[in-house]
Amino acid sequence: MITCKHCGRELSEEQFELYPSGTRRRVCRHCHYVLHSRQAWRKWIMHQRARVVVGKLRK
C-alpha cells in the first residue's frame with residue numbers, strides 16, 4: 001500500500017504509475033489526471049475562446 005501525496009489516500013500499488021526504472025509515482029493516477037491533464041484541457045479551452053474573441057474584435 002502506498003499513500004498518495006496529493007489526496008492522502010492509501011491505495012494499492014496498481015493505482016500508481018510505474019516508471020521505467022521500476023519505482024512508482026507518488027501521486028495516484030486520479031490525482032495525476034486532476035493536476036495535469038484536466039488543467040491542460042481547461043487551458044486549451046481558454047486559448048480557443050480567446051482566439052474567437054480576438055477574431056471577432058479584428059473584423
Side-chain angles (χ1 to χ4, degrees):
M1 301 293 267
I2 301 173
T3 304
C4 176
K5 296 286 184 181
H6 185 257
C7 65
R9 293 184 296 170
E10 195 169 308
L11 303 166
S12 63
E13 289 186 6
E14 291 80 29
Q15 298 296 319
F16 296 86
E17 189 175 338
L18 182 65
Y19 287 120
S21 63
T23 59
R24 298 257 177 203
R25 185 185 299 274
R26 294 295 176 189
V27 177
C28 68
R29 292 180 190 270
H30 178 263
C31 290
H32 185 261
Y33 167 75
V34 170
L35 291 170
H36 299 284
S37 302
R38 201 163 160 205
Q39 287 181 0
W41 178 251
R42 286 183 180 165
K43 190 175 180 181
W44 180 81
I45 289 172
M46 294 306 289
H47 280 278
Q48 295 301 317
R49 288 180 180 172
R51 251 190 214 166
V52 169
V53 170
V54 169
K56 289 181 179 177
L57 294 175
R58 289 186 180 173
K59 290 182 180 179

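All heavy atoms count here, side chains included; hydrogens, waters and symmetry mates do not.
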Less than 3.5 Å apart, which donor and acceptor atoms pair up between the side chains of residues 34-55 and the rest of the protein, not counting sequence neighbours?
none

Test: salt bridge (Lys or Arg N to Asp or Glu O under 4.0 Å). Region: residues 1-11. Which pairs qualify, not counting sequence neighbours? none
Connected-component partners of Leu11 among ILVMFWY, side-chain separation under 4.5 Å: Ile2, Phe16
In short, Cys28 meets Cys4 closest at the heavy-atom pair N-SG, 3.4 Å
Salt bridge (Lys or Arg N to Asp or Glu O under 4.0 Å) contacts in which one or both residues fall within residues 14-23, not counting sequence neighbours: Glu17-Arg25
Rounded to the nearest 0.5 Å, how far does NE2 of His6 lie from NE2 of His32? 11.5 Å
For Arg26, check salt bridge (Lys or Arg N to Asp or Glu O under 4.0 Å) against everything at least two apart and list the hits. none
Could you work out the complete set of other residues in the hydrophobic cluster of Met1, with links drawn between I, L, V, M, F, W and Y side chains under 4.5 Å apart? none
